[in-house]
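Chain identifiers are assigned alphabetically (A, B, ...) following the order of the sequence lines, protein sequences preceding nucleic acid strands; residue numbering begins at 1 within each chain. These numbers come from a predicted model, not from an experiment.
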Amino acid sequence: MNTSKSTLLLASAALCAWPMAAAAQQGSTQPSPDVVTISEVEVGVGGVSSGDFYFNEYTGIEDTDPYFFGNIDITQRAAYDSDSARYVEFLATDLGLPTQSLYIETGLQGSFSVFGEYDAIPHLRFDDGQTPFSGAGGTNLSLPPGFVREDSPALMNPAGEFTASLQDLDIKTERERIGAGFSVNLSPEWTLSTSFRSEEKDGIEAIAGLHGPSGGDYRAAILPRPVDYTTQEAEVALGYSSDRLQANFRYNLSLFDNNENSLTWENPYTTYDAVGAFEGRMGLEPNNSAHNLSASVGYMVADQTRLTGNLTMGRMIQDDDFLPYTINPNLSVPEALPRASLDGEVNTIRANIGVTTRLTQDIDLKAAYTYDDRDNKTPRDTFLTVPNDSEDQAAINEDRARINMPYSKQSHKVELEAGYRVSAGTRLSVGYDFEAINRDLSEVEDTQEHTIGAKVRSSLTETVSASLGYDYATRTGSTYVSNLPFIASHDDAYLTDITFTFPDETYEQNPYLRKFYFADRDSHLLKGGLTWFPNDLLVLGLNGSYRLSDYGDSVLGLTESNYGSATIDASYEASRGVSLSGFFTYETMENVQVGWDRQGFNIILPGDTIDTANLWEETVADQSMVAGVEVGWAAIENSLDIVLDYTYARTETEIDFATNIAGVLPLPDLTSQLHSFGVNADYRVTDGVTARLGYRYEIFEVDDFALDVDENLGDRVFGLGNREPDYDAHAVAVSMVVKF
Amino acid sequence: MTGPARFLTAAVTAILPLVVLLHAGGVRAQEGTAAEAAQPLQLAQGATVGSEVCLECHNNAPVNLILHRPHAQMADSRTPFAKGGCETCHGPGGDHAANPSLPIGINFGPKSATPAAKQNEICLTCHQGGERINWQASQHASADRTCASCHDVHSTKDRVLAKASQPDVCFTCHKEQRAQSMKRSHHPIREGKVVCSDCHNPHGSFGPSQLTKNTVNETCYQCHAEKRGPFLWEHAPVVDNCSNCHTPHGSSQPRMLTVRTPMLCQQCHAEGFHPSDPYGGQNLPGTGSITNRSARLFAKGCLNCHPMIHGTNHPSGPRLTR
């Protein structure tokens, strides 16, 4: 891990803290009340029983070697009644670990502040991967000498040749962020602040590399792809705050750089040798930038009436040079690209105006209007594509000649809410929202959604409070034009071709499908909660919600979605330094979707009858149970504190079919199960010195058919061989904590 | 623009205003003395007695820990202690000091008898600006949440401001999210590397669900800028809303998907050939299937062939395969 940035920040922290430390030191010979220091320094050693990537997914620890770690938390602040308001805050956590972070802030409270920060976020995905490709982490992947290319994965390993070619591969990434900022009070009302953050994300992810001209004629391999991103963000903000008027003006700049723009790999299959498809190349994410300028204002028109407004104007830009249509020099590519780069530009405007008021002591009102516009100005051109480096370039009158689809969207939303305080402890509110969305290049041009709701919240007694709310929403849209995207994305030369039966061939998509995110929908949401304080020591809670989305007019696609959740929890402060808390949450989510098995060029037109023989309905039902208990025990008063915790989380996904199609079987259940048990103990050795023990034991088990494959060879794709992420692991840490 | 040039642009954007400001002598120290403190706010009836009187009885933790916190800095003329000590927030304590059985005028927290709106009004006297400019329209305000429901200004460490403890504070009310954060696929919330306020502004924003940015997608782009584009070949539901496919607080499915592939993809794709197939147990790898269908259930599902699901800039990538 690169520690240079964190070291730099540590050094900066020391420099910032020095003046006050010096003052404190001075105080040792000449007592000064001017500086108060609250510090905690922890130094320890720890270890894990397993370097399993999933156990250590976000800790980044990859082996079982012992590690040393440190935490530092120092706050120095001028005494509250001194003539100075200088302060320094320094926080360092997980020093020495892959997750280490640092934060330093200093300043003169009320005048200025300056901060610096460093953070590292590792993400270990899996460590049991294997690949035949050499060059993992780079942009050129090659097959090892002696690798036997074949027509399909099934033919690659008759005598273990494929297995012998495999090299171990870790899939992991790490983010490293460094940031700094400054804030200055220009006057009692005006504040100027600025900040800068740079993040580097490096590592290897898995990605598919594909050859073949179509979904029925293809070969694929899962490849290691490099991740080498740099994202920089800068912000300047000017704030104003007075008794009645507040305002923020802000400019935000975000620059994303991908230091690798493509990935090239040798084709492990012979299937497309006849067209010379010995290599493939895919584009990785292009560099982009975003600018946002915003102004927010809040004004107290009267004591109980507030107006607010926000206007944000943004621009997203992307203009990286295009890669060529193909890396394959053996294919016929007579036509050049229509342009050298995208010249992509999206302009955004979001405006919001709102008012909140209390008409009387018992009645309050809220109203807001929001306008949101994503205007994609990216030019549109016809691209004569080369499918997956495996087929000659499409002619302009062919299906594979495609026009890009820069999507734009515009919405208007009105939100109204009225609240009435029925009694001192009971508030009833009703609300109405309306949202109209216009999407271009989409099957549905306009949608409108109306939402009405009511909620009551009440302190039923001095010890019991409850809430109950219900929302109903109905969304309708303009005529669903299934073939609009197809027509919009194909050249007139293709659409008007004499061999083409317009409009029949444009119904690539089944016209009975309704895409769920703009399909007609009725939704119901019921939500409630109950909190009971039987006495000062015990709190009991019961919460639940149920949401039903009914896509009643959708013949195909998502037809119903529902979600339910119930939680019971309790906390109890027993006497003699014992506290108990626990919770249990049950969640269920069900999606019902319908498909029609449509093989071949069997065109379905609107109004055609679709036979039930090929209809299938699939229900995907998720259930989860999460329970946790925690016990805090002051085992020896003022000396030994122990906290025990246990969490159990189980998820289960059932996928079933209802269909007349012969041979369709349900899929095996997908399950995951976590047991996590922890102990934390603090023993005060002396006043200011504490010995600390932390221990965690976890068992994690997964059943996942996507990963339950003996070899990493599928029918037409080979993967990286990673398996279900099961583990059984311990972590322990002992440390000394010094407070001064 | 090259990498170094872009870095320079960003750095200059951040630093230039400060340089100009410092040159203009704009950094005006407002360090003051206690004697310069403003007059206390009159928030309730009764005589004021001063903090020293309060501390005669309340000089114990955690109450007196506020003396080490920003609110107590008398040299900062904006603070409650500079204005009138404890009574700036709690109201005049004369009656309470004379008869301790009488409650102080204003108390804070969810169990306080002081109405939520009144509690918040005290805090907003100084804190209405910045990220709290739209507090009154926020869901938290509608739910009668008080500032003290989450913040503890007396503690040396305000738990909701510390990365390690913030989720526990939020999970006190947001119980579904607590359970979801324990699922197989999750942001590193319970590991302390991502906190709720990275995405949400609990004080009320102008975006949906109190998000820090104006839209779901803009919020996600803060950490996933590579998905921002614009791309040559966009994927319509991605541009529309990241949450069409992802559930950000945790999921039973990989990559925080609402439903795994191919089922998720088939909610919008019913074209002829493979998109309309029913992918069931008969298509599992290793079951002797002689078709190519197992590729859609194995490893990355549909993404075994369509990896650039968030969009691509490759000229031959309209099907998101390049």
Side-chain angles (χ1 to χ4, degrees), chain A residues 58 80 83 85 109-111 121 194 196 207-208 210 215 231-232 234 241 246 253 255-257 282-283 285-286 298 306 308 310 322 325 344 346 350 352 354 356 383 385-386 402 407 508 510 513 515 517 556 558 565 567 585 598 616 626 649 651 663-665 667 672 709 714-717 719, chain B residues 3 6 10 13-14 17-18 27 29-30 33 67 72-76 128-129 133-134 136-137 175-176 179 182 184 188 191 193 206 214 225-226 228 230 232 239 244 252 259 263 267-268 270-272 274 276 278 280-282 285 292 294-295 298-299 304-305 307 313-316 318 321-322:
Chain A
Y58 289 116
Y80 80 100
D83 287 345
Q109 187 180 311
S111 293
I121 306 178
T194 181
F196 171 74
I207 197 168
L210 180 74
T231 307
Q232 286 149 12
S241 185
Q246 296 80 34
L253 169 68
L255 303 172
F256 168 75
D257 286 293
M282 70 174 62
E285 300 86 350
R306 183 168 177 81
T308 55
N310 169 262
F322 284 137
Y325 278 121
V346 176
R350 187 178 169 97
N352 173 289
T356 57
F383 288 80
T385 68
V386 175
R402 297 290 294 269
Y407 298 106
E508 180 188 53
N510 194 312
L513 176 84
K515 294 183 178 177
Y517 59 98
L556 303 183
L558 188 64
S565 163
T567 296
T585 297
R598 178 182 163 201
W616 51 268
V626 181
T651 67
V664 175
L665 301 172
L667 284 158
S672 72
V709 182
D715 288 334
R716 294 194 184 184
V717 54
Chain B
R6 290 161 76 84
T13 304
L18 291 173
V27 181
Q30 293 172 51
T33 63
L67 299 178
Q73 292 288 317
M74 297 178 73
D76 177 358
Q128 178 72 81
I133 201 166
N134 204 26
Q136 282 83 349
K175 296 163 186 184
E176 289 172 4
M182 295 302 297
R184 172 183 170 186
E191 290 83 357
K193 302 306 286 186
F206 291 95
N214 281 333
E226 76 278 8
R228 183 167 52 203
L232 168 61
V239 175
N244 281 333
S252 310
V259 178
M263 300 83 193
Q267 291 180 357
C268 289
E271 295 92 339
H274 72 273
S276 63
Q282 75 282 5
N292 61 33
S294 70
F298 164 68
N304 285 335
C305 296
N313 213 44
H314 193 297
S316 291
T321 58
R322 275 290 181 272

Legend entry - Inter-residue atom distance Cys268(B).SG - Leu556(A).CG, 0.5 Å rounding: 12.0 Å
Inset, instruction - Name the region of Tyr407(A), side chain, backbone, both or neither, that has any atom closer than 4.5 Å to a heavy atom of chain B. - result: both
Inset, instruction - Report the option among Ile121(A), Thr651(A), Asn310(A) that has the most heavy-atom pairs separated by less than 4.5 Å from atoms of chain B. - result: Asn310(A)
Legend entry - Engaged part of Arg402(A) at the chain B interface, taking heavy atoms whose separation is under 4.5 Å: both
Inset, instruction - Side chain from CB out, backbone as N, CA, C, O: work out which of these in Glu191(B) comes under 4.5 Å of a heavy atom of chain A, or both, or neither. - result: side chain
Legend entry - Taking every non-hydrogen atom, the tightest pair across Glu176(B) and Ser565(A): CG-OG, 3.1 Å
Legend entry - Heavy-atom closest contact (Gly298(A) atom, Ile133(B) atom, distance): N-CD1, 3.6 Å
Legend entry - Best-contacting candidate, Thr356(A), Val346(A), Thr585(A), against chain B by heavy atom pairs under 4.5 angstrom: Thr356(A)
Legend entry - Which atom of Asn313(B) lies closest to which atom of Phe322(A), heavy atoms considered: O-CD2, 3.3 Å
Legend entry - Contact class of Leu558(A) relative to chain B, heavy atoms under 4.5 angstrom: both
Inset, instruction - Heavy atoms only, distances under 4.5 angstrom: which of Thr308(A), Thr231(A), Ile207(A) has the most pairs with chain B? Name it, please. - result: Thr308(A)
Legend entry - Interchain contact, Thr385(A) with chain B, by part (heavy-atom threshold 4.5 Å): both
Legend entry - Set of side chain to side chain donor-acceptor pair (under 3.5 Å) partners for Gln246(A), sequence neighbours left out: Arg306(A)
